[in-house]
Amino acid sequence: MLLDELNREQKLACMNIDGPNLIIAGAGSGKTRVLTYKIAYLIQQNINPQNILALTFTNKAAEEMKERIINLVGDKAKYILMGTFHSIFSKILRIEADRLGYLSSFTIYDSDNSKSVIKAIVKDFNLDEKLYNKSYLSNRISAAKSRLISPQTYQDSEQLMLEDRMNSRPYIAKIYQEYNYRLKRNMAMDFDDLLFNMNVLLRDNNDLLLKYQERFRYILVDEYQDTNFAQYYIVKKLAARHRNISVVGDDAQSIYAFRGADISNILDFQKDYSDAKLFKLEQNYRSTNNIVNAANNVISQNKGRIEKNVWTNNGDGRKINFCRSDSDKEEAKWICNIIKDRKRAEGVEYKDFAILYRTNQQSRVIEENLRFLNIPYRIYSGISFYGRKEIKDIMAYFSLVVNPSDDEAFLRVINYPARSIGDTSINKLKILANEEKVSLFSAALNHLDKVSLTPKTKQSILDFVLMIHAFSIEKDKTDAYDLGIRIIEKSFIIPNLKKDNDPSVEDKLGNIDELIGALQAFVESEDELILDELTGEEIALSNKTLDVFVQQTSLLSETDRGDKNDDNKVSLMTIHSAKGLEFSYVFVAGMEENLFPGVLSIGSQVELEEERRLFYVAMTRAKTELALSCAQMRFRNGSMTFNEESRFLSEIDKEYLVESYNNHKDKTRQRTISSNSDFVSINRNLKKLDTLPNPIGGTPVTDMNAFREGMEVFHDKFGRGKILSLEGKGDDTKAEVQFDGFGIKKLVLRFAKLKLK
DNA sequence: GGATTTGTTTCCACC
DNA sequence: AAACAAATCC
């Protein structure tokens with residue numbers, strides 16, 4: 001029988017198909033499995049696959065799940081509508097675009113586009129760009145949208161307006177209004193609009209509400225703890241008629257409050273649906289006992305959780321490996337050494353390892369070491385593929401062809417590659433477009449005679465818009481691949497790249513090739529189908545045109561990117577992107593105060609708890625071995641920082657830990673302290689480390705006023721040196737020191753632990 | 001209009 | 001430190 005492979009609770013959760021279900025799934029408890037089998041079970045119970053809507057966290061997860069389900073119950077499962085909130089609702093918005101006064105070829109703006117629009121507004125309003133910082137405004141507007149607050153509601157809200165006045169930013173509501181106006185004029189929606197407008201669609205069109213309520217009789221939502229109000233409200237509306245809604249999640253893994261996720265959606269589910277059945281999946285199948293228990297230690301520090309007892313019978317496994325290093329470089333070295341060692345000793349592959357960190361910038365040092373040791377790796381963060389300049393340029397050409405009203409795209413490529421159309425000409429175009437109340441493209445195409453520009457410039461502009469226009473006419477008749485490669489060709493981006501002698505040109509051309517590959521894969525991919533129940537005819541939900549490609553790719557996250565041929569590589573990613581994944585060996589780097597937990601969260605209990613949940617997510621990614629590390633000094637944002645080790649470490653019971661100290665000077669000191677030997681306190685601070693024997697006698701000078709110019713000093717790492725100059729006083733004293741083998745270094749004396757000769 | 005230099009910002013996570 | 005924006009020069 002289908003569900004035989006499941007445990008009792010999992011089986012119950014799957015079989016309970018009618019009415020509201022809340023499935024609380026502890027880390028590693030087979031959440032995806034339950035979701036997969038539940039959908040398969042629905043189909044086996046003769047539920048029409050078309051009546052199933054499954055909302056997942058990533059597109060990749062949706063793809064994999066669908067594949068599994070097809071394997072379990074056969075081909076008809078391909079009719080299930082499955083994907084992320086953003087991708088599913090963008091498809092529906094595309095179909096119903098006219099109800100909102102949009103064309104179905106609308107563009108989806110990413111946060112860079114949004115910020116650029118915001119910046120232009122601030123400039124046009126003559127406001128201070130420092131005060132009206134584009135990132136701040138973008139966050140504020142996004143927060144409003146994800147709580148379904150329209151510009152008007154914002155304006156009417158005493159509280160929001162008061163907040164803004166207190167922040168001396170009284171014009172935010174006006175900016176928000178103008179921002180929405182400009183987006184609409186550009187025929188664009190931002191990420192939040194996809195959810196906001198879906199709500200508008202269902203609110204204002206009763207026929208559509210009914211249509212989609214009937215279509216989606218069974219709704220399943222994964223990672224429900226990370227839904228925001230806009231998402232919650234769509235689901236609530238869609239499920240209101242048939243009430244067959246299953247939500248799966250873990251309150252302990254809610255890590256997206258910063259972008260508007262509201263943990264009370266999951267905590268209050270039973271209040272919303274008083275007849276909801278609750279299932280708790282508590283058996284962890286992923287990790288060892290030590291990992292599960294240590295993670296439980298940590299998460300138990302948080303208040304306001306749904307009580308659950310995550311356990312495993314996987315055996316104790318090895319202890320959690322915690323290592324302190326002197327520097328970020330040493331930390332990276334330690335991690336790489338362990339990878340090499342485990343791979344050799346335990347016959348595992350590179351793809352079994354993941355290195356997780358709090359912030360993207362931490363990847364750099366680690367990368368350097370991996371490259372040095374020839375360890376293949378893949379970064380799942382940083383500048384994503386679609387964030388690269390050359391790709392964005394080409395995508396802007398595509399966007400403009402698909403949607404000529406997109407002023408952002410227009411401005412990006414009007415003079416790239418250079419066509420001798422400079423700021424002056426563009427400003428004249430902007431004024432013209434404003435007067436004629438049309439897009440820049442349309443102004444250039446239809447009203448160019450009304451502006452004073454040299455004939456040469458006019459010709460340049462006209463050549464450009466006519467080229468775009470010619471492609472634009474074809475956009476619905478030609479498939480994305482065919483049209484795409486011709487646009488790339490005509491844009492002359494490739495020859496333009498080739499002409500400069502930058503060594504990165506090869507990479508860029510490779511990226512463009514990959515984009516072309518993506519176009520091809522898109523055209524060849526299977527259609528998403530809807531079955532017409534009356535005629536039995538299959539109708540494609542969307543076709544393979546360029547506008548669909550552009551919309552789809554703007555919603556891809558880095559983890560969605562398809563595996564390349566050989567993917568036997570160590571994974572590097574932020575903890576956020578690691579959500580939902582698992583690896584045999586997991587490293588969490590940068591376990592330091594002010595980094596993890598981050599500086600900005602330390603003051604607030606709520607945010608600190610979110611950081612802790614993030615750490616919980618990180619720990620529970622590991623199957624066999626979890627390794628944590630911290631560094632005493634770390635290079636960040638152009639300067640050296642010194643932080644104590646993360647408070648989260650002290651929350652782990654010592655019986656689950658093995659500690660070591662990674663010292664560059666003396667490899668033999670890298671010692672392992674077993675749990676019953678003389679344990680070094682986890683809270684050991686820098687002072688205590690100082691008491692370890694020094695290679696050269698004497699203890700470091702602690703009185704910073706004792707240093708004088710010209711003094712001979714000794715540094716642990718740089719060796720012998722002479723003080724050239726001093727600045728500042730007390731704890732802030734800095735010195736320039738000329739070292740024998742390392743040149744001149746600027747040191748903060750409080751941390752440099754200099755010894756006098 | 002384009003290239004080069006100089007100054008400034010960002011320092012948390014992302015669909 | 002690096003990415004980005006503005007200012008300056010040609």
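Per chain, numbering begins at 1; letters A, B, ... match sequence-line order. Here the structure is a predicted model, which means the values were calculated and not measured. When reading the values below, keep in mind they use all heavy atoms of this one structure, side chains included, and skip hydrogens, waters and symmetry mates.
Among dC14(B), dC12(B), dG2(B), the nucleotide with an atom closest to any side-chain atom of Ser420(A) is dG2(B). Residue Thr574(A) places its side chain closer to dA13(B) than to any other of dT10(B), dC15(B), dA13(B). The Phe191(A) side chain lies nearest to dC15(B) when the options are dC15(B), dG1(B), dA5(C). Looking at the side chain of Lys119(A), the nearest of the listed nucleotides dA6(C), dC14(B), dG1(B) is dA6(C).
dC4(C) and dA13(B): their P atoms are spaced 14 Å apart (whole Å).
When each of Asn59(A), Thr56(A), Thr58(A) is tested with Ser87(A) by the rule side-chain hydrogen bond (donor to acceptor under 3.5 Å, both in side chains), just one qualifies, namely Asn59(A).
For Ser601(A), no side-chain nitrogen or oxygen approaches OP1 or OP2 of dC12(B) to under 4.0 Å. Taking side-chain N and O atoms only, Asn59(A) has no distance below 4.0 Å to OP1 or OP2 of dC15(B). Asn133(A) has a side-chain polar atom (N or O) that falls below the 4.0 Å cut-off from OP1 or OP2 of dT10(B). The side chain of Lys130(A) places an N or O atom within less than 4.0 Å of a non-bridging phosphate oxygen (OP1 or OP2) of dT9(B). At the phosphate of dA2(C), OP1 or OP2 sits under 4.0 Å from a side-chain N or O atom of Arg364(A). The side chain of Asn415(A) contributes no N or O atom lying less than 4.0 Å from OP1 or OP2 of dG1(B). Contact annotation: Thr424(A) reaches the phosphate of dG1(B) (side-chain N/O to OP1 or OP2, under 4.0 Å).
Residue contacts for Phe85(A): at a heavy-atom cut-off of 4.0 Å it reaches no nucleic acid atom on any strand shown. No contact: Phe57(A) has no heavy atom under 4.0 Å from any strand. Contact annotation for Asp423(A): backbone-only contact, meaning every heavy-atom pair under 4.0 Å involves sugar-phosphate atoms and none involves a base. Residue Arg636(A) is classed as having no contact, given no heavy-atom separation below 4.0 Å to the nucleic acid. Heavy atoms of Thr58(A) sit nowhere under 4.0 angstrom from any nucleic acid atom. Backbone-only contact: Ser425(A) has heavy atoms under 4.0 Å from sugar-phosphate atoms and none from a base.
Aromatic ring pairs are classed by plane angle as parallel below 30°, tilted from 30° to 60° and perpendicular above 60°; the pair Tyr212(A) and Phe216(A) is parallel. Aromatic ring pairs are classed by plane angle as parallel below 30°, tilted from 30° to 60° and perpendicular above 60°; the pair His86(A) and Phe191(A) is perpendicular.
Rounded to a whole Å, the CD1 atom of Ile602(A) is 16 Å from the P atom of dA13(B). If you take CG of Asp226(A) and C1' of dA13(B), they are 11 Å apart, rounded to a whole angstrom. Regarding Asn139(A), its CG atom lies at a distance of 12 Å from the P atom of dA13(B), rounded to whole Å. Per the geometry, CG belonging to Leu556(A) stands 15 Å off P belonging to dC14(B), to the nearest Å. Put simply, OH on Tyr380(A) is 18 Å from C1' on dC15(B), counting in whole angstrom units. Rounded to a whole Å, the CZ atom of Arg613(A) is 15 Å from the C1' atom of dC12(B). Asn360(A) places its CG atom 8 Å from the C1' atom of dA13(B), with the value rounded to the nearest Å. Remark: P of dA1(C) and CD of Gln362(A) are 18 Å apart, rounded to the nearest angstrom.
With rounding to the nearest 0.5 Å, the separation of SG in Cys630(A) from CG in Asp328(A) is 11.5 Å.
No side-chain donor from either of Asp250(A) and Tyr224(A) sits under 3.5 Å from a side-chain acceptor of the other.
In terms of position on DNA chain B, the residue among Asp192(A) and Glu611(A) whose nearest nucleotide sits closer to the 5' end is Glu611(A). Ranked by how close their nearest DNA chain B nucleotide is to the 5' end, His86(A) and Ser135(A) are led by Ser135(A).
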Quiz item: Taking it one step at a time, do Lys145(A) and Asn180(A) satisfy side-chain hydrogen bond (donor to acceptor under 3.5 Å, both in side chains)?
Solution: CA-CA 10 Å; Lys145(A) 283 191 180 178; Asn180(A) 262 10; 2.9 Å; yes

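Both stacking criteria are satisfied for Phe258(A) over the base of dA13(B): a centre-to-centre distance under 5.5 angstrom and an angle between ring planes under 30 degrees.
Separation of the Tyr176(A) and Tyr179(A) ring centroids does not fall under the 6.0 Å cut-off.
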